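On a predicted model such as this, the values are computed, not experimentally measured, just so you know.
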Amino acid sequence: MKGPLKIKVLGELVVLRDAREIALPPSKKTRALLAYLVVANRRQRRDYLCRMFWEVPDDPRASLRWSLSKLRHIINQNGDEGCLKADRESVLFDTAKLDVDLLQVAHMTANEIRFLDTSRLETLAAMFRGQFLEDLELPRCPVFEAWRTFHGDALDRTRSMILQALVERLRCEPERALSYAETLQSLDRANKQVSLEIRSLEASARERATQLRTVSEQAGQQASGEAGRPAPGGGQNEHRRSQEIHYCRSPDGVRIAYAVSGDGPPLLRAAHWMSHLQYEWESPVWRHWIDQLSSRNTLIRYDKRGNGLSDWNVGDFSFNAMVTDLESVADASGLDRFPLLGVSQSCAVSIAYVLRHRERVSRLILYGGYARGRRKRGDTHQLDTHEAMTTLIREGWGKDNAAFRQLFTEAFIPGASREQMAWFNDLQRQTTSPLNASLLHSTFGDIDVSAMLGEVSVPTLVLHARNDAVVPFDEGKVLAAGIPGARFVDLNSANHILLGDEPAFADFLREVRSFMAGPE
């Protein structure tokens, strides 16, 4: 008993029976005809097939008869019931009893892919050997080419969704996820977000390999009676220098990346812009923040939509979307009651979250924030500055323009070293696109939570750098004055992002830790 034909179109056209490949006619048009009939899976008029594959000066009907005879001789053999059926007017390739790879992935939606288990996703990913019918390009048959291109584009999108889902699922196994991310990049070389994803996975794979070597070395030490000695670089700091990256979905389907590090009571840091979970992990601008906040707490932080490892292809950059992203991360992390840290524009996002979920936030910490964006402050100079910066971001972000990057960097961290400034300069290109950056910056200008301040009923600590050039010191005082019972701390710094070696950062940590340790 012969097994059913297997026809593969997700790559070069292949026909198999009992795992043995059947030799197809050398004529490319004949093979293209077979592929078209299989994928179309319905009766086709002869005159339509003639127009699709053969030019008028030839004898199209004779060419079609010749091709069908070659296919029938190869496909309908060994006494099998014929699946290639033709009459005077039409042709049908009946796939009801055949195994066609395309039928397993055709018309799949993102929602369906999301609910498939990982093993099934890996099976589907393995079915793609290349692009749809990649060996059957027929430039002189425009109707067929248009059909092949249309299906190819749709299948590439499906393949990308499958690969992206696997990268998300396997984030904790970076070596496995990396192969899928690299395949995903091969489908779109210009996709910068995938390039960042690969960099992040490579870094995670290196970190994982280091951890495995450490475990192996410790096991060897224990076997040789040296287990009592602490491993170099081990202990609490080693524990802090590991993070797990996860993903969740906001209600509008946007994928949000979040990281968990440290151990102890939870602390959720609302997302600021120009963030990248893996890049920050290595950066001398943010590394001390992560290490210190993870030393006594389980720190949860996430990339804002349009930034870092979160989705870049986003249509909604509204303030409300930012609040729902915070809600999604809090829910996905399984947090019940927790302190919330807002930084810069995420202070306003945190305030809006508190009003929606008063019962979940135990303490509110706001650093370098504001209640009113530059368009809402009634200051003509600040408004002009905001509009000029939005334009500069749109035109200069991510380009090889050292002057623009340096201008931006010096506003955020004027006290930085050369190394820190170089990292922050590069941060602009690594974290988001020029369009996303300008849209986000424009949204920030319209933020106004002034009317909400009086309704905040959780213990609140407001901290602000005295000479902050990004968010004026007075805006921090306005924020604190509007929240009942809020405590305001003046930090002696000109840096919007506090640097690890300045006294102001030590003051920040002391105040925050004392505040979180106090009674609610």
Side-chain angles (χ1 to χ4, degrees), residues 110 113 121 125 128 130-131 153 156-209 243-247 249 254-259 271-287 301-315 317 393-402 404-405 408-409 422-440:
I113 290 171
L121 287 173
F128 287 88
Q131 293 185 306
D153 289 347
D156 280 348
R157 288 192 294 272
T158 301
R159 186 184 187 188
S160 294
M161 289 190 293
I162 292 169
L163 291 168
Q164 188 63 69
L166 281 168
V167 171
E168 291 182 25
R169 299 275 186 88
L170 299 173
R171 201 65 180 74
C172 59
E173 299 179 62
E175 300 86 357
R176 288 176 66 192
L178 192 57
S179 65
Y180 294 114
E182 289 170 344
T183 304
L184 185 61
Q185 186 180 47
S186 71
L187 299 178
D188 185 2
R189 294 289 182 186
N191 191 325
K192 191 172 182 181
Q193 185 176 2
V194 177
S195 299
L196 292 171
E197 191 97 61
I198 288 174
R199 284 188 56 183
S200 174
L201 289 169
E202 288 173 340
S204 296
R206 289 194 299 269
E207 183 177 327
R208 182 179 169 89
Q243 67 173 349
E244 295 180 359
I245 296 177
H246 306 273
Y247 291 89
R249 295 273 179 179
V254 173
R255 184 186 63 147
I256 303 297
Y258 67 97
H272 51 78
W273 72 330
M274 292 192 299
S275 71
H276 187 293
L277 297 176
Q278 192 63 48
Y279 194 85
E280 289 179 1
W281 186 252
E282 304 164 359
S283 166
V285 177
W286 283 111
R287 186 169 53 214
R301 64 192 214 284
Y302 62 98
D303 284 334
K304 187 184 290 293
R305 56 176 54 210
N307 286 254
L309 297 178
S310 293
D311 279 347
W312 282 26
N313 187 19
V314 178
F317 283 105
I393 290 170
R394 185 173 59 250
E395 300 301 324
W397 194 278
K399 296 182 180 178
D400 192 14
N401 184 338
F404 170 80
R405 294 199 302 273
F408 206 75
T409 298
W423 270 86
F424 200 78
N425 282 348
D426 198 39
L427 188 72
Q428 296 167 43
R429 291 190 291 184
Q430 298 291 344
T431 55
T432 191
S433 67
L435 177 60
N436 287 356
S438 63
L439 291 173
L440 282 165

Start with the C-alpha gap between Asp303 and Ser275, add the side-chain angles, then the distance that decides, and say whether side chain to side chain donor-acceptor pair (under 3.5 Å) holds. CA-CA 6 Å; Asp303 284 334; Ser275 71; 2.8 Å; yes
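- Distance check, rounded to the nearest 0.5 Å: OG of Ser433 to CG of Leu439 gives 8.0 Å.
- The line from CG of Asp311 to CZ of Arg255 is 5.0 Å long, rounded to the nearest 0.5 Å.
- Contact of the Gln164 side chain with the Glu197 side chain is registered, since non-hydrogen atoms from C-beta on lie closer than 4.5 Å.
- Aromatic rings from Tyr279 and Trp423 are positioned such that their centres are separated by under 6.0 Å.
- With a 4.5 Å cut-off on side-chain heavy atoms, Tyr247 and Leu309 count as touching.
- Put simply, the side chain of Ser179 never gets that close to the backbone of Glu175: no donor and acceptor are under 3.5 Å apart.
- When side chains are defined from C-beta on, Lys304 does not count as touching Ser310, because their heavy atoms never get closer than 4.5 Å.
- Listed for the Arg305 side chain is no donor-acceptor partner under 3.5 Å among the backbone atoms of Phe317.
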Could you walk me through whether Arg301 and Gln243 satisfy the side-chain contact (heavy atoms from CB on, under 4.5 Å) test, starting with their C-alpha distance in whole Å, then the side-chain angles of each, then the deciding distance to 0.1 Å, before giving a yes or no? CA-CA 11 Å; Arg301 64 192 214 284; Gln243 67 173 349; 3.0 Å; yes
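- Using a 4.5 Å cut-off on side-chain heavy atoms (C-beta onward), Leu201 and Val167 make contact.
- Contact detail for Leu166 and Ala125: the closest heavy-atom pair is CD1-CB, 3.8 Å.
- With contacts defined as side-chain heavy-atom distances shorter than 4.5 Å, the pair Arg171/Glu244 does not qualify.
- Within the 4.5 Å cutoff, no side-chain heavy atoms of Leu163 are placed close to those of Phe128.
- Distance NE2/His276 to CH2/Trp286: 15.0 Å, rounded to 0.5 Å.
- Rounded to the nearest 0.5 Å, atoms CD (Glu168) and CZ (Arg249) are 5.0 Å apart.
- No side-chain heavy atom of Arg287 sits less than 4.5 Å from a side-chain heavy atom of Glu280.
- Taking CD1 of Ile198 as the start and CG of Leu184 as the end, the distance is 7.5 Å to the nearest 0.5 Å.
- Judged by distance alone, with hydrogens and angles left aside, the side-chain atoms of Trp312 form a donor-acceptor pair with the main-chain N or O of Gly308 at under 3.5 Å.
- Applying the 6.0 Å contact sphere to CD of Gln131 captures no more than 12 heavy atoms from other residues, nucleotides or ligands.
- Scanning all heavy atoms of the two residues, the minimum distance from Leu187 to Ser160 falls at CD1-OG, 3.5 Å.
- Rounding to the nearest 0.5 Å places CG of Asp153 at 11.0 Å from OG1 of Thr158.
- Counting heavy-atom neighbours within 6.0 Å of Asn313 CG, excluding the residue itself, gives a total of 12 or less.
- In this structure, Ile113 and Leu121 have side chains that are in contact, with non-hydrogen atoms separated by less than 4.5 Å.
- Between the side chain of Asn307 and the main chain of Trp273, no donor-acceptor pair closer than 3.5 Å is present.
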